[in-house]
There are 2 protein chains.
Amino acid sequence: MTEPLACAQCPVRDRAACASLNDEERRELARSGRTKLLGAGETLFAAGDDNANCATLVTGALKIVSLSPDGTERILSLIHPAGFAGELFAPFTDHDIVALTESRVCLFSRPQFEDAIDRFPKLGAALLRRTQEDLHDARRWLDLAQSGDARHKVGGALMAFAKAASDSPCHPASTFELPLSRAELASLLGLTIETVSRQITRFERDGGIQRHGKRGIELLDPALLAEA
Amino acid sequence: MTEPLACAQCPVRDRAACASLNDEERRELARSGRTKLLGAGETLFAAGDDNANCATLVTGALKIVSLSPDGTERILSLIHPAGFAGELFAPFTDHDIVALTESRVCLFSRPQFEDAIDRFPKLGAALLRRTQEDLHDARRWLDLAQSGDARHKVGGALMAFAKAASDSPCHPASTFELPLSRAELASLLGLTIETVSRQITRFERDGGIQRHGKRGIELLDPALLAEA
DNA sequence: CGCCTAGTTGAAGTTCGTCAAACACTGTGG
DNA sequence: CCACAGTGTTTGACGAACTTCAACTAGGCG
């Protein structure tokens, strides 16, 4: 289930928060961490947990979900490789964090990670930077969620995934795989599965995209999606 | 317009990020800051700015707004006293920050504030904590925005303001003033003015609240608002 | 082959947005 | 003092967009 860290081969070793550390500091932090492999759908942290851990995502993708009392799930955020999962200050988590695909994380106990932040201020600064980016991201999704129009929402989400799939952060990838099912897309956007499906076919009919299989998207006319 | 800081009388001196500093450190930080008084509707930072400043809110309330190309404004977040405004890492801001009511802020130049974080790691940790709380907050609004149902959205917003108005952070205040106009509420929730108005009158008709003037709200049945 | 899940498509019902009018409140000027 | 305009809010009628319900299609795997 869990193994010691092997930072040397880590694919996110110079993008994650720990990239701010020098080799010696990193070794020290690594001693308190473990890597863990999650299967698709497996939950990393559950709402109501005592919030004793935190983690950095190495490969795969996570979702942060809120479950309403009536059982419907809403996706509040996605975590991409090098992203950070967990809250350092709240006594309890109130959201589930679940693997979307098979994922590998670096798991740390919260007290040990807090200790590391105390001793290596650069680590704290790096985490601050990442948290501010997450905040910015959350606000972008909020912006989409408020736009009211389903066409905007789906178009904006497609563009967001196209950008996330590209290596250069600004230009969208011309072809990519959706990381989410229709149901997950719907719960991310506050729509129903059917509406998402209809908007996607509409974009294809209008020549904005071309579908390849269930999840493959080829971007033909980015402008059409960005401002519909 | 701007004056030197007077931390001794500051109403948020033990809740804002600078509360993490001791007296001497605080004095040093204070030398690089200025307080500024904003009239209602005045903008503190504008989208597209070079992002050279950041600020702590002392009194009043701010909103973070995104303006769509078509001119409609969407409120992404509110900033309450002791809250922090500005991004330390992005080269440009892409959201306006505007005063909702007459507000007083502590303004710092970004390089000087970053410098202070470097020298006083506790300040960085405090800011990290605050940013994580902001992130949590943004996700709560996102949760509301996704709920789809206008009744949930308005009910949730009323409860959020009731809690913000109370001294104890968990229990809602039984009577409070809405900090936002109907138009602002609408743009925060992704609804129209009319829908917000209708939902509020519906809550009053159903006995959940009692209105006192345009902005005054008396909370009669919190459970009705929380889970409608 | 048949079941099961994920996705698409269609028809009907509801909610919310749009347009329009009325109302309350404030401040201004006759 | 009152008429008046101006703003913010409420209310109503109507139409469009989304949800709901339901049937149907396409793959994947026993």
Side-chain angles (χ1 to χ4, degrees), chain A residues 39-41 63 68 70-75 100-101 144-158 161 177-206 208-217 228, chain B residues 39-41 63 68 70-75 100-101 144-158 161 177-206 208-217 228:
Chain A
K63 60 179 175 182
S68 348
D70 64 5
T72 58
E73 98 167 22
R74 266 170 256 158
I75 298 186
L100 283 168
T101 62
L144 261 192
Q146 288 173 343
S147 61
D149 189 351
R151 193 171 166 83
H152 278 95
K153 292 190 191 178
V154 175
L158 290 177
F161 291 129
E177 290 279 308
L178 286 174
L180 271 57
S181 70
R182 296 289 184 273
E184 286 162 338
L185 261 177
S187 78
L188 178 63
L189 297 173
L191 299 171
T192 59
I193 299 179
E194 294 93 327
T195 311
V196 171
S197 178
R198 278 185 251 268
Q199 295 302 331
I200 291 181
T201 64
R202 199 146 93 85
F203 277 126
E204 186 172 37
R205 225 191 39 218
D206 296 351
I209 61 171
Q210 168 110 30
R211 277 183 287 194
H212 294 105
K214 288 186 187 306
R215 302 243 184 141
I217 299 282
Chain B
K63 59 178 175 183
S68 350
D70 64 4
T72 57
E73 100 167 19
R74 266 169 257 156
I75 298 186
L100 283 167
T101 63
L144 261 192
Q146 289 173 342
S147 60
D149 189 351
R151 193 172 167 81
H152 279 94
K153 293 190 192 179
V154 175
L158 290 178
F161 291 128
E177 290 279 308
L178 286 174
L180 272 57
S181 70
R182 296 291 183 270
E184 287 163 337
L185 261 177
S187 77
L188 177 64
L189 297 173
L191 299 170
T192 58
I193 299 179
E194 294 92 330
T195 312
V196 172
S197 178
R198 277 187 252 270
Q199 295 303 331
I200 291 182
T201 64
R202 200 147 91 85
F203 276 126
E204 185 172 35
R205 224 191 39 220
D206 295 351
I209 61 172
Q210 167 109 30
R211 277 183 287 196
H212 294 106
K214 287 189 187 308
R215 302 237 182 147
I217 298 282

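All figures in this text were calculated on a predicted structure; none of them were measured in a lab. The figures that follow rest on heavy atoms only: side chains count, while hydrogens, waters and symmetry mates do not. In what follows, chains carry the letters A, B, and so on, assigned in the order in which the sequence lines appear, proteins first and then strands, with residues in each chain numbered from 1.
- Here the straight-line distance linking atom OG of B/Ser147 with atom CG of B/Asp149 works out to 6.5 Å at 0.5 Å rounding.
- Between atom CZ of residue A/Arg74 and atom CD of residue B/Gln146 there is a gap of 7.0 Å, rounded to the nearest 0.5 Å.
- Among the heavy atoms of the strands, none lies under 4.0 Å from B/Arg202.
- For B/Ser197, no side-chain nitrogen or oxygen approaches OP1 or OP2 of D/dT11 to under 4.0 Å.
- The NZ atom of B/Lys214 sits 8.0 Å away from the CZ atom of B/Arg182 when rounded to the nearest 0.5 Å.
- Closest to the side chain of A/Thr195, out of C/dT8, D/dG8, D/dC18, is D/dC18.
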N/O to N/O distances under 3.5 Å, protein versus nucleotides 4-6 of chain D:
none

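- The shortest heavy-atom contact between A/Leu144 and A/Ala157 is CD1-N, 3.7 Å.
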Give the table of side-chain donor-acceptor pairs shorter than 3.5 Å for residues 192-199 of chain B, with sequence neighbours excluded, one pair per line with atom names and distance.
{"residue": "B/Thr192", "atom": "OG1", "partner": "B/Thr195", "partner atom": "N", "Å": "3.3"}
{"residue": "B/Thr192", "atom": "OG1", "partner": "B/Thr195", "partner atom": "OG1", "Å": "2.8"}

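- Note on B/Gln199: only backbone sugar-phosphate atoms sit closer than 4.0 angstrom, heavy atoms only; bases stay farther off.
- Here the CD-CG distance, from A/Glu73 to A/Leu188, works out to 10.0 Å after rounding to the nearest 0.5 Å.
- Of the residues in residues 179-193 of chain B, those placing a heavy atom less than 4.0 Å from an atom of DNA chain C are B/Gly190, B/Leu191, B/Thr192, in numerical order.
- Going from atom CD1 of B/Ile209 over to atom C1' of D/dT10 covers 14 Å, rounded to whole Å.
- Remark: side-chain polar atoms of B/Asp206 are not paired, donor with acceptor, to backbone N or O of B/Gly208 under 3.5 angstrom.
- The NZ atom of A/Lys153 sits 12 Å away from the C1' atom of D/dT19 (whole-angstrom rounding).
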Distances under 3.5 Å only, N/O to N/O: pair up the protein atoms with those of nucleotides 21-25 of chain D.
{"residue": "D/dC21", "atom": "N4", "partner": "A/Glu194", "partner atom": "OE2", "Å": "3.2"}

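- Taking 4.5 Å as the limit, every side-chain heavy atom of B/Ile217 sits out of range of all side-chain heavy atoms of B/His212.
- Rounded to 10 degrees, the angle separating the terminal axes of the helix from C/dC1-D/dG30 to C/dG30-D/dC1 is 10°, with each axis obtained from five end pairs.
- Between the CZ atom of B/Arg211 and the P atom of D/dG8 there is a distance of 17 Å, given to the nearest Å.
- Note: NE2 (A/His212) to P (D/dG27) measures 14 Å, nearest angstrom.
- B/Arg215 is linked by a side-chain contact (heavy atoms from CB on, under 4.5 Å) to B/Glu177, B/Leu178, B/Ser181, counting only residues two or more places apart in sequence or in another chain.
- Atoms CG and CD1, on B/Leu185 and B/Ile75 in that order, are 8.0 Å from each other to the nearest 0.5 Å.
- Across the protein-nucleic acid pair, A/Leu100 atom CG and C/dA6 atom P stand 14 Å apart, rounded to whole Å.
- Computed from coordinates, the A/Asp149 CG to C/dT18 P distance equals 10 Å when rounded to whole Å.
- Atom-to-atom, CZ of B/Arg205 to C1' of D/dT10 comes out at 13 Å; the value is rounded to the nearest Å.
- Checking B/Thr201 against A/Lys214, the closest nucleotide of DNA chain D that is more toward the 5' end is the one next to B/Thr201.
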